[in-house]
Number of protein chains: 2
Amino acid sequence: MNAPQAIVKHGRKFDQVLDGARKVFMRDGFEGASVDDIVREAGVSKATLYSYFPDKRLLFLEVAKIECQSQSDDAIAEIASSDDVRYALTTAAKRMTRFFMSDVGLQVHRIIVGESQRFPEIGREFYESGPARVHAILRQFLQKGVDAGKLEIEDIDLAADQFPELCKAGLHLKMVLGLRDTPSDAEIDRVIEGAVDVFLCRYERRHR
Amino acid sequence: MNAPQAIVKHGRKFDQVLDGARKVFMRDGFEGASVDDIVREAGVSKATLYSYFPDKRLLFLEVAKIECQSQSDDAIAEIASSDDVRYALTTAAKRMTRFFMSDVGLQVHRIIVGESQRFPEIGREFYESGPARVHAILRQFLQKGVDAGKLEIEDIDLAADQFPELCKAGLHLKMVLGLRDTPSDAEIDRVIEGAVDVFLCRYERRHR
DNA sequence: AAAAAAGTGAACTGGACAGTTTATATTCAA
DNA sequence: TTGAATATAAACTGTCCAGTTCACTTTTTT
């Protein structure tokens, strides 16, 4: 049997629609984006768009889901399986932080936060596919460190919540509000180094 | 001279308008709130509202400014001038965190983040009257601790950014997205205790 | 090449909503 | 008590935009 992608009943222009929607939503937010803008951007007729997505809300949900997945994929990958805890944390932090501060990362954050009242599902979708995955991976990494006798942590969930917050220190909110431009690599490194320092000072097992 | 409040040219119902607007904006956000809802809530005619505020955007800006001021007032007050650094930090953290997690605090956060693209001024207004003041006060407190030989901090700005982030650990984002209900006092205390532990472990001067 | 599937474009509907206008009423200060 | 300031109700304007419809074209399948 040939099994020609039995995925969904995409028409030929499905991807064009998603790409156009992605671009316009990311630029203008949910309310700011008009369906007419999207079809223009996508190079597709309005009827076609509505044949795929019964309404604007579902289209947005689909776009947001895709963005969220790419977020977590980019941002976490597997934590370097290095033996050096500090190095592994630093590496992970860099990936995470650069995503937090990227245009796409910030815009997703703004839209999700702004719309989470109107669409409760979207908040969950985002959380599960982004922050929750980071938390899980970090948790597992820290547990490994504890088992190996390198770390000493009573409340691993708390610790796994603290680390990403430390990586945002100051920068993230300012960026989200549009109060400063993209930090230089040096600035990011300074914040990350500070985060790792604080974190390990508390949780690294005292060298006997 | 009698100097009868030379403040602004408030009419009799100015406060009703602000109160109604506050209630509706906080409930429905900027786009979600219709001016008709607001005048109904305020018990005032549309023409009256428009005689005070030439458009919806300025009304919202005014409401947001007031909310932001009350935020910082509630949330920081003066840091307890206690000699015990740990105690002072814990107290400040409690005030801060309870505001972050309050309905008003969360809703202000959502709206500001969601609208910061459309109204750049609002982001700055919010930041200056809230987070920036927290930062400044914390900075000053930490400097005092350093001067008194109780703390050892190379980068005070970074440290003053880290502490509030630590206080959010995990809880804040979930609350903003509506993924959990208000944490119990015990949960908040656990997060705060963790934050203070991590923070002081790194920055408290080693007892000789 | 014929039939089926997918897409087009342009006009249209209906509702929501910001902001205006007007003729009238209430309040308050002198 | 009178006149100026303030407020009111309600209808109205204009715009924006989501979603629909339809007669027609293009692409794909067989």
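A, B, ... follow the sequence lines: proteins, then strands. Residue 1 opens every chain.
- More than 12 heavy atoms of other residues, nucleotides or ligands lie within 6.0 Å of CG in B/D147, so this atom counts as buried by the packing criterion.
- Here the closest heavy-atom approach between residue B/V39 and residue B/K46 is recorded as CG1-CA, 3.7 Å.
- The side chain of A/R12 approaches C/dA6 more closely than any other nucleotide in the set C/dG19, D/dA9, C/dA6.
- Using a 30° and 60° split on the angle between ring planes, B/F30 and B/F25 fall in the parallel class, below 30°.
- What separates NZ of A/K13 from P of D/dT26 is a distance of 12 Å, to the nearest Å.
- Heavy-atom distances to DNA chain C give each of B/F30 and A/S45 a nearest nucleotide, and the one nearer the 5′ end belongs to A/S45.
- The structure places CD of B/Q107 at 6.5 Å from CE of B/M26, a figure rounded to the nearest 0.5 Å.
- Side-chain proximity of A/S51 to C/dG7, C/dA18, D/dA7: nearest is C/dG7.
- Looking at the side chain of A/Y50, the nearest of the listed nucleotides C/dC28, C/dG7, D/dT20 is D/dT20.
- With hydrogens and angles left out, the side chain of B/K46 and the base of C/dG19 share a donor-acceptor pair within 3.5 Å.
- Atom CD of B/Q16 and atom P of D/dA7 are 9 Å apart (whole Å).
- Atoms CG (B/D28) and C1' (C/dA16) sit 14 Å apart, rounded to a whole Å.
- Side-chain atoms of A/E62 and A/Y52 include no donor-acceptor pair closer than 3.5 Å.
- A straight line from CG of A/D36 to C1' of C/dT8 spans 14 Å, rounded to a whole angstrom.
- One can place CZ of B/F53 at 19 Å from C1' of C/dT20, the figure rounded to the nearest angstrom.
- In the set D/dC22, C/dG7, D/dT8, the nucleotide with an atom closest to the side chain of A/A47 is D/dC22.
- Listed nucleotides C/dT8, D/dA9, D/dA18 differ in distance to A/K56; the shortest reach to its side chain belongs to D/dA18.
- The interatomic distance linking A/F60 (CZ) with D/dA18 (P) rounds to 13 Å, in whole Å.
- Within the nucleic acid shown, B/G32 has no heavy atom closer than 4.0 Å to any nucleic acid atom.
- The nearest whole Å value for the distance from the CZ atom in A/R40 to the C1' atom in C/dG9 is 13 Å.
- Candidate nucleotides C/dT8, D/dA18, D/dA9 were compared by shortest atom distance to the side chain of A/S34, and D/dA18 ranks first.
- The interatomic distance linking B/Y52 (OH) with D/dA5 (C1') rounds to 11 Å, in whole Å.
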